Amino acid sequence: MPRARVARTPQRRLLAWYEDEARDLPWRKSTDPYAILVSEVMLQQTRVETVIPYYERFLRAYPTVEALARAPIDDVLKLWEGLGYYRRAHNLHRASREVVHHHAGRIPADRAALRALPGIGPYTAAAVASIAFGEDEPVLDGNVVRVLARWFRVSGDPRRSDTRRSLEAVARSLIPAGRAGAFNQALMDLGARVCAPRLPRCEACPVEAVCEAHQAGEEELFPMRAARRSVPHRDVVAGVIWERGHDPWDPDARVLIAQREAGDMLGGLWEFPGGTVEQGESFDEALRRELREELGMEVEVGSLFITVDHAYTHFRMTLHVFHCRHTAGRPRALGCADFSWVLPSEIAGYALSVADRAVVRALCAQRESA
DNA sequence: GAACCGTGGAT
DNA sequence: TATCCAAGGTT
């Protein structure tokens, strides 16, 4: 009786596992380097389940690199709304134009040329080179770091460059010739579905028998990470500024929204204008100061409309939103990229952050019930 | 090297 | 509620 076929090396067992268990993801249906690039940029620091609907909408709107290069950045940002790390959208848009203008519309095929495009770092360059072009380049994302740190008991904080160099050398040495695309994705799927940060399912792991951390019973001790610092809190104020001569209950009343500068946090997104409350400042003073600085206008701050708590990567925020009456000064874009008077119902067409989107929702709900 | 850059799900 | 952290990159 023939023995069950067992792959000889751990790498072959991992590839065999991947053939059976690979997740059915939309970008895996495509071999188009552009589609794969879009998926990899969206997946930066972002969960697969979050990315899927964004990826499908994006590819429908911009099926080719030429289509993306032709698009206005405001449209690209609207499609990116809610996905976070908005600089990725600016950079991907810029990259598409570089590809069209300097690479004859073809995504570069080698790691170094990919790396030169804006928003493409070491991970994304290696991912596109291996998955879209079959280059034998190793990737090092959060999943691969965790899998390899456990498999080979690699100590040291993986954020350190020397630790990363060791991990990359290990990853490179493991790649079966000509199979980097599948092998890299197998490592990432293994990290996402089996070799989880907590409570890894080692009994389901194709490399359990050779995993050094598992043999030592120390899976959860790897990778070694330093503790994080606590994040500060900020009070931020913003105004719903009603057009002069109108009141909130007027169905034709417009409000002022401003566009953030492209290089800033949430760059290119629209918002109810305002800013951070400084030490010793009242909310009223802070809001009037910000509107004077950003838009050159004077307002009378009215009642508190809503507060929104929101956690960003490096600080937490309480956003205090006040109704405001415009009293003097025609608005000018002094500290913002642009501004616009709009009906609350029209704001749906603009790209806003999640926090400001909550304000719009409350505003529209209030007018609905009024 | 370290700070900065969004959001949502899991625990 | 607080913390972690996810197919990272730029400055």
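Note that this is a predicted model, so its numbers are computed, not measured.
Remark: A/Arg234 is positioned above the aromatic ring of A/Phe315, its terminal NZ or CZ atom under 6.0 angstrom from the ring centre and at most 45 degrees off the axis.
The side chain of A/Val354 lies closest to B/dT7, out of B/dT7, C/dA7, B/dG6. Counting only heavy atoms from C-beta on, A/Met265 has its side chain closest to B/dC5 among C/dG8, B/dC5, C/dA7. Among the nucleotides C/dG8, C/dC5, C/dA7, the one closest to any side-chain atom of A/Arg225 is C/dC5. The A/Arg146 side chain lies nearest to C/dA6 when the options are C/dA6, C/dG9, B/dT7. Across C/dT10, C/dC5, C/dA7, the shortest atom-to-atom separation from the side chain of A/Asn91 is found for C/dT10.
Residue contacts for A/Arg115: at a heavy-atom cut-off of 4.0 Å it reaches the sugar-phosphate backbone alone, with no base atom in range. Residue-level contact check: A/Arg159 touches neither bases nor backbone, having no heavy atom under 4.0 Å from any strand. A/Ser161 comes within 4.0 angstrom of sugar-phosphate atoms only, judged by non-hydrogen atoms across all strands, and of no base. Counting non-hydrogen atoms under 4.0 angstrom, A/Ser39 reaches nothing in the nucleic acid. At a threshold of 4.0 angstrom between heavy atoms, the contacts of A/Val48 include nucleobase atoms, whether or not backbone atoms are also involved. In this structure, A/Ile120 reaches the sugar-phosphate backbone alone: every heavy-atom distance under 4.0 Å involves primed, P, OP1 or OP2 atoms, never a base. Residue-level contact check: A/Ile131 touches neither bases nor backbone, having no heavy atom under 4.0 Å from any strand. A/Gly82 comes within 4.0 angstrom of the backbone, heavy atoms only, and of no base. Contact annotation for A/Trp80: no contact, since no heavy-atom pair falls under 4.0 Å across all strands. Residue A/Thr50 is out of contact with every strand shown, counting any heavy-atom pair closer than 4.0 Å.
A salt bridge links A/Arg357 to A/Glu81: at least one charged side-chain nitrogen sits closer than 4.0 Å to a carboxylate oxygen.
Comparing the same atom, P, in B/dA3 and in C/dC4 gives a spacing of 16 Å after rounding to whole Å. Here the separation of C/dA7 from B/dA10, taken at their P atoms, is 14 Å to the nearest Å. Rounded to a whole angstrom, the distance from the C1' atom of C/dT11 to that of B/dG1 is 12 Å.
Side-chain atoms of A/Tyr123 and base atoms of C/dG8 include no donor and acceptor less than 3.5 Å apart. No hydrogens or angles were tested; on distance alone, nothing pairs the side chain of A/Thr124 with the base of C/dG8 as donor and acceptor under 3.5 Å. No hydrogens or angles were tested; on distance alone, nothing pairs the side chain of A/Thr46 with the base of B/dG8 as donor and acceptor under 3.5 Å.
We find that CZ of A/Arg47 is positioned 12 Å from C1' of C/dA7, with the value rounded to whole Å. We find that CG of A/Asp309 is positioned 10 Å from P of C/dA2, with the value rounded to whole Å. We find that OH of A/Tyr18 is positioned 13 Å from P of C/dA7, with the value rounded to whole Å.
The main-chain N or O of A/Met265 is found under 3.5 Å from a side-chain atom of A/Arg260 such that the two form a donor-acceptor pair.
Across every non-hydrogen atom of A/Asp136 and A/Arg179, the tightest pair is OD1-N, 3.6 Å. Closest non-hydrogen pair, A/Ala286 versus A/Glu281, comes out as CB-OE1, 3.3 Å.
Within the 4.0 Å cut-off from OP1 or OP2 of B/dG6, not a single side-chain nitrogen or oxygen of A/Arg357 is found.
Positionally, the nearest nucleotide of DNA chain B for A/Asp162 lies more toward the 5' end than for the other of A/Leu269 and A/Asp162. Checking A/Arg160 against A/His310, the closest nucleotide of DNA chain B that is more toward the 5' end is the one next to A/Arg160.
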**OP:** Apply the test salt bridge (charged side-chain N to carboxylate O under 4.0 Å, His left out) to residues A/Glu220 and A/Arg150: give CA-CA distance (whole Å), side-chain angles for both, the deciding distance (0.1 Å), then the verdict.
**Re:** CA-CA 8 Å; A/Glu220 296 210 35; A/Arg150 289 173 177 172; 5.7 Å; no
